[in-house]
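Written below as structure tokens is the structure these notes are about.
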Amino acid sequence: MFSKFRLLIVVIVIHCMLVSPIWADNVINVKQNAIELLAKADEYRNFKGKSFTFDLKLNSMETGKDDQIFTLKVEILNSHTSLVIYSEPISERGKVLLMAQKNLWFYAPSSHKPIRITPQQRLLGEASNGDVASTDFSGDYDPHYVDTEVVDSVTCHVLELTAKANSLATYEKLKLWVRADDFKPYKADFFGVSGKLLKTAYFRRYEKLPNLGEKEQLTSIQIINPLTEGKQTLMEYSNFNVTEIPVSRFNPNTLNRL
Amino acid sequence: MKVVSQILLMLFLNLMPIALPAFELGKINVRGQVELPWQYTPERANTFFNPNGVIINNQQHSSLPALRFTPKFSQGSVALQGDFWLQSLITSTKTEETFFFQKSTFNWNINDQFTVSGGIDLQHWGSGYIWNPSNPFQDREINFVDRVISYKRNGNFFASLDWSGRNGWSTSLYFVNHRPREKLYGINVEHQNAFALKLNKQFDNSDVSLTYALLEDTNFIGGSYSASIGNQLELHGEFSLRDKRRSVLPRSIVANGQDSFFILQANKHIDWRAQFLIGGQYTTNNQINMIFEYLYNGEAYSEKEYDHLVQGSNQSRLQLDGLFAAPSAGFLGESNSLLGSMKRHYLFFRVADGQLIDKLEGRAFVRFGIQDSSVITGGLLSYPIKNGLNLMLGGQYYGKMAGSETAAIPFQFVLYSGLTLLF
């Protein structure tokens with residue numbers, strides 16, 4: 001009996017030595033460095049400060065209504081400067097949305113002139129401009145480590161993100177669940193200024209990019225609107241390409257030449 | 001020429017059942033648009049400048065089918081773009097085709113920050129919605145808002161060099177062979193060579209620009225500013241100063257020692273004139289967008305000048321059966337062409353709702369003349385029948401407040417409807 005108990009103790013100790021210290025270490029580290037944890041999560045959404053492009057299919061769905069599908073070409077110069085070029089639907093084709101800091105410019109071929117728009121204006125169905133153009137939580141939000149939590153049987157670190165002053169942050173506050181094993185974003189709740197839950201996002205799919213050294217990249221996000229049942233947006237990313245993009249493409253005066 | 005109109009109509013009817021994709025001609029991507037509008041404009045009889053309707057030959061019903069092609073070719077750092085319209089005016093008495101060469105440009109990104117462009121294009125800038133006084137090449141009619149028919153015109157020959165910095169600064173240097181199209185400058189305006197240098201700076205949530213232009217012998221200084229205030233409010237402003245006024249003014253021609261008839265003549269004296277616009281836009285939580293603007297046009301007519309114009313029209317009316325019938329009719333005809341935005345102070349308001357009822361988009365505006373209580377108000381409803389195919393219905397009403405500029409417009413209102421197909 002005693003030897004069985006001793007054996008159990010040994011097993012527990014060995015287990016603790018092998019697993020728990022790493023786990024405990026992780027917890028201590030991430031608690032101490034939420035910024036680092038967020039940066040690791042961001043690595044699945046961008047390319048560490050390099051400019052890149054991708055295609056985005058955005059499908060807004062609502063019960064009883066036709067799907068609203070946009071296909072977009074997105075160019076990211078840096079975490080604060082991006083360009084969204086509309087390909088479909090036909091009615092939107094040729095339109096361009098430029099985001100530079102908190103400046104939002106919209107160009108439509110029919111007007112021949114870029115106009116400044118307010119961040120409130122939604123030009124992409126149910127998705128906000130920031131949902132599309134922002135690929136970097138770190139640049140727009142200050143993180144705070146909350147706890148670990150098991151969501152859908154997945155162990156996650158929970159971060160609370162607060163919008164930085166003068167950032168392009170679309171939301172006042174975010175709650176972000178990051179997988180404990182590989183730091184992939186798993187889920188996020190987006191809150192407005194009043195504290196009301198506006199959206200919940202599930203980061204559904206990650207794919208290895210053969211053209212970019214098998215880097216694992218987030219390729220599918222499902223955004224659910226908690227305010228209206230059956231209302232959701234599916235964002236599907238493809239054709240990632242890390243490339244030098246001329247800064248002249250991000251000039252409001254030259255949008256009509258894109 | 002009716003053949004062209006019939007081809008346009010047949011083409012449109014053929015396109016209707018399907019949503020066409022853009023097509024490729026070799027490496028050239030071609031997009032386009034078909035418009036099939038109809039408009040009804042009942043005349044307003046016996047205005048200052050159109051006595052008994054004898055000056056303006058109004059066609060109450062007209063149709064303006066049009067076909068647009070916008071080809072684009074890109075290869076590396078070079079892009080070629082075009083934008084061409086073929087429009088047919090069909091009335092009960094005539095059919096007339098017009099080709100608009102809006103754009104035919106090349107753009108070459110020399111390197112990361114420099115772009116060279118040239119060809120034919122429209123030069124547009126400024127933060128205002130209804131008018132852009134900071135743009136020395138402005139060509140838009142002030143009240144051309146929310147119509148079924150696209151605003152079409154020919155572009156200007158130009159060459160430009162743009163520099164874009166990584167710190168929010170940018171500069172543009174332009175040469176433009178420009179023909180002003182503002183009504184106030186009359187109908188006999190010629191092309192002029194112009195140079196412009198524009199400096200821009202973008203801040204975190206605002207931007208400012210400053211322009212100097214030399215338009216033949218006229219110096220022009222313009223500036224604009226816009227800023228986002230929070231998530232829902234945007235504020236903007238523009239100004240310009242030019243050292244010559246270009247507006248045509250009435251002048252009496254004396255024959256036989258007495259005033260005999262009037263003409264409109266350009267005023268080219270050194271005469272500093274200011275123009276400015278201030279405004280903003282607000283977007284509600286329900287995505288309703290509102291724009292409000294006040295504009296001041298220092299080149300426009302003062303009350304005294306407008307009274308002089310009316311006086312000229314009174315005299316010209318008396319001459320219509322006399323010795324100077326032809327120049328008098330010409331004076332009245334040209335006076336009609338000036339109408340629309342010839343006073344100095346205006347207020348403008350526009351509201352747009354992209355989902356007025358389900359997919360139905362609605363827009364409405366009103367422009368109020370502070371000096372004479374003139375009113376132009378209008379609206380447009382647009383319904384997407386299918387992807388790229390829209391049915392539109394709209395109109396504009398010209399207020400008839402006694403003595404106001406809009407009461408002199410020789411039409412009571414315009415009603416229009418139409419189909420637009422993008423491909």
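Note on naming: letters A, B, ... go to the chains in the order of the sequence lines (proteins, then strands), and numbering restarts at 1 for each one. In this text the structure is predicted, and so the values were computed from the model without any measurement.
- Residue B:F203 touches chain A through its backbone alone, counting heavy-atom pairs closer than 4.5 Å.
- Between B:F101 and B:F84, the two ring planes are tilted [angle within 30° to 60°].
- With respect to B:D112 and B:R166, a salt bridge is recorded, a charged nitrogen being found less than 4.0 Å from a carboxylate O.
- A cation-pi geometry, defined here as NZ or CZ lying under 6.0 Å from the six-membered ring centre and within 45° of its normal, does not hold between A:R116 and A:F106.
- Annotation: maximal heavy-atom pairing with chain A below 4.5 Å, among B:S160, B:A227, B:G128, B:G168, occurs at B:A227.
- A cation-pi geometry, defined here as NZ or CZ lying under 6.0 Å from the six-membered ring centre and within 45° of its normal, does not hold between A:K95 and A:Y107.
- Within the 4.5 angstrom heavy-atom criterion, no atom of B:I229 approaches chain A.
- Comparing B:T105, B:N200, B:D121 by heavy-atom pairs within less than 4.5 Å of chain A, the highest count is held by B:N200.
- Looking at A:I245, the atoms closer than 4.5 Å to chain B (heavy atoms on both sides) all sit in the backbone: N, CA, C or O.
- Each of B:D162, B:T284, B:N109, B:L122 has some count of heavy-atom pairs under 4.5 Å with chain A, and the biggest count is that of B:D162.
- By number of non-hydrogen pairs under 4.5 angstrom with chain A, the leading residue of B:N231, B:L233, B:N289 is B:N231.
- Looking at residues two or more places apart in sequence or on another chain, you find no ring pair (Phe, Tyr, Trp, His ring centres under 6.0 Å) involving B:H236.
- Only the side chain of B:Q81 comes within contact range of chain A, judged by heavy atoms closer than 4.5 Å.
- Note: B:F69 and B:F423 have perpendicular aromatic rings, judged against thresholds of 30 and 60 degrees for the angle between ring planes.
- Contacts of B:Q102 with chain A are made by side-chain atoms alone, with heavy-atom separations under 4.5 Å and no backbone atom involved.
- With a threshold of 4.5 angstrom between heavy atoms, B:S117 approaches chain A through side-chain atoms but not through N, CA, C or O.
- Side-chain contact annotation: B:S382 with B:N390, donor-acceptor N/O pair under 3.5 Å present.
- A distance below 6.0 Å separates the ring centres of A:F240 and A:F54.
- Heavy-atom distances place the side chain of B:T115, and not its backbone, under 4.5 Å from chain A.
- The residues B:D83 and B:R68 are annotated as salt-bridged, a charged nitrogen and a carboxylate oxygen being separated by less than 4.0 angstrom.
- Contact count versus chain B (heavy atoms, under 4.5 Å) is highest, among A:P252, A:S91, A:S248, for A:S248.
- Proximity to chain B (any heavy atom under 4.5 Å) is shown, for A:N78, by neither the backbone nor the side chain.
- No part of B:S77 comes within reach of chain A, as not one of its non-hydrogen atoms sits under 4.5 angstrom from that chain.
- Heavy atoms closer than 4.5 Å to chain A are found in both the backbone and the side chain of B:Q281.
- Contact count against chain A (heavy-atom pairs under 4.5 Å) is highest for B:G126 among B:S127, B:G126, B:P384.
- Both the backbone and the side chain of B:D207 come within less than 4.5 Å of a heavy atom of chain A.
- The ring of B:Y151 has its center no closer than 6.0 angstrom to the ring center of B:W85.
- Aromatic rings of A:Y171 and A:F191 (six-membered ring for Trp) have centroids beyond the 6.0 Å cut-off, not under it.
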